[in-house]
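What follows is a set of notes on a single structure, which appears directly below.
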There are 2 protein chains.
Amino acid sequence: MKTTLRKIVTEAREVFREHGYDGASMQDLASRVGLKKASLYTRFPNKESLVPEVLALTLEETVQGLPDPNDDWQLTWQTLIGRIEKTLEERQRCVGLHLAYGVTSATPEARAAVCQFFTALREKMAQILRLGGIPDPDAVAADTLAQLEGATVWITTSGDVTPLHRAAESACRIAD
Amino acid sequence: MKTTLRKIVTEAREVFREHGYDGASMQDLASRVGLKKASLYTRFPNKESLVPEVLALTLEETVQGLPDPNDDWQLTWQTLIGRIEKTLEERQRCVGLHLAYGVTSATPEARAAVCQFFTALREKMAQILRLGGIPDPDAVAADTLAQLEGATVWITTSGDVTPLHRAAESACRIAD
DNA sequence: CCTACCGATCGGTAGG
DNA sequence: CCTACCGATCGGTAGG
């Protein structure tokens, strides 16, 4: 991927994370990247098309280079949980959640991308739990992700990260 | 409260819930209420001032008329959890969460109102748990709310309400 | 509670 | 990759 393309997607992620879909401005994005707004449209046909790119990058960064769960599924699980925890703590909001709340039927491709993102993440989590013989891995994965996502409400409102840390700790205890 | 005022606040809640703070349009709100946009400004000085009203109404509806926890704290707890569950299932999103993600330092009064809303709800929950002798009631209340809020990510992305139902069931089990 | 308007900004395009 | 522009819509106000 060309560095400029990657930079656009990385900055678009920050804009979506902070302002949501509707609130994200292409002018703001252009300024951050150091381009004029019109130049963004030589790379991407429209604002909506940024959403799949942002979420694909995020998913890739979250799961790439994880230890092989066939060797040590506990380590894989704890590494994955730790990555999600770290990102949410550093960035305060989850870009996926902000987009999930912000995309509607007016932006069907963005909507589909958000659905895919969470489904893929849950499936990756469930796959690890399955190797560990954890019962009902899909439900456990969904609930674990919900607990982590929900904890961000305390970070955004009061800066309190302890609910997130408890959520991550409790998740790691699944693999004991 | 005058019926028109109440109607504006109720509809504003739907607009904020669906579109978030930035995405909410005063024109859209006016149309839903059956007024011209300018007429909204005879009731409210600006868009930001709607946020405290919306959240105060929501908090009131959530906690008003709960059974007295001094009589039967388990019943009070389960009733409260049931109300939150029902609202999130019917409306699909939590207006408080969407606002929490959407308000920034540019809208300090709205920000403060969101913080107060979640703090008050958590405190109400913790108070009930305290009467039941549940250890660490503040943390349990915060985590319970996080789990319920986080479950909405599955409702918005795939329509799946089972994580929300599991969250509510698990919360009710605290009072057994 | 309305009509009519303000300047600013939105996503997106024409044309080079 | 830019300048310059499009129509639409934004939050908010003047004035009655």
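- B:Glu123 pairs by the salt bridge (charged side-chain N to carboxylate O under 4.0 Å, His left out) definition with B:Arg130, not counting sequence neighbours.
- We find that B:Glu169 and B:Arg166 are not joined by a salt bridge, their nearest charged nitrogen and carboxylate oxygen being 4.0 Å or further apart.
- Shown here is A:Glu109, whose CD atom has no more than 12 heavy atoms of other residues, nucleotides or ligands within 6.0 Å.
- Rounded to an integer number of Å, the gap from A:Lys47 NZ to C:dT9 P is 15 Å.
- B:Tyr41 has its OH atom 19 Å from the P atom of C:dA4, to the nearest Å.
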Quiz item: Given B:Arg13 and B:Thr58, is the side-chain hydrogen bond (donor to acceptor under 3.5 Å, both in side chains) satisfied, shown in steps?
Solution: CA-CA 9 Å; B:Arg13 176 165 58 186; B:Thr58 303; 2.9 Å; yes
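- Here B:Arg83 does not pair with B:Glu90 in a salt bridge; the nearest charged N to carboxylate O distance is not below 4.0 Å.
- For D:dC1, neither phosphate oxygen OP1 nor OP2 lies less than 4.0 angstrom from any side-chain nitrogen or oxygen of A:Thr42.
- Among all heavy-atom pairs drawn from B:Ala167 and B:Leu148, the shortest one is CB-CD2, 3.9 Å.
- Taking CG of B:Leu164 as the start and CH2 of B:Trp154 as the end, the distance is 13.5 Å to the nearest 0.5 Å.
- Helical stems involving DNA chain D, defined as 3 or more consecutive Watson-Crick or G-U pairs under 3.5 Å, span C:1-16 with D:1-16.
- C:dG11 atom P lies 15 Å from atom CZ of A:Phe44, rounded to whole Å.
- In this structure the side chain of B:Leu66 reaches within 4.5 angstrom of the side chain of B:Lys124, judged on heavy atoms.
- Once rounded to the nearest 0.5 Å, the distance linking CG of B:Leu50 with CE of B:Met26 reads 5.0 Å.
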Self-check item: Test log, rule side chain to side chain contact (heavy atoms under 4.5 Å, CB included), inputs A:Thr157 and B:Arg111
Solution: CA-CA 7 Å; A:Thr157 56; B:Arg111 205 174 169 70; over 6 Å; no
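- In this structure, the side chains of B:Arg17 and B:Gln92 stay at 4.5 Å or more apart for every pair of heavy atoms.
- Within residues 98-113 of chain A, no residue places a heavy atom under 4.0 Å from DNA chain C.
- Protein atom CG of B:Asn46 is 8 Å distant from nucleotide atom P of D:dT13, rounded to whole Å.
- Contact check of residues 14-28 of chain A against DNA chain D (heavy atom, cut-off under 4.0 Å) returns no residues at all.
- Clustering ILVMFWY residues whenever any of their side-chain heavy atoms sit less than 4.5 angstrom apart, transitively, puts A:Leu75 in a cluster other than the one holding A:Leu80.
- In the region residues 30-38 of chain A, proximity to DNA chain C at under 4.0 angstrom, judged on heavy atoms, holds for A:Lys37, A:Ala38.
- B:Tyr101 pairs by the side chain to side chain donor-acceptor pair (under 3.5 Å) definition with A:Thr152, not counting sequence neighbours.
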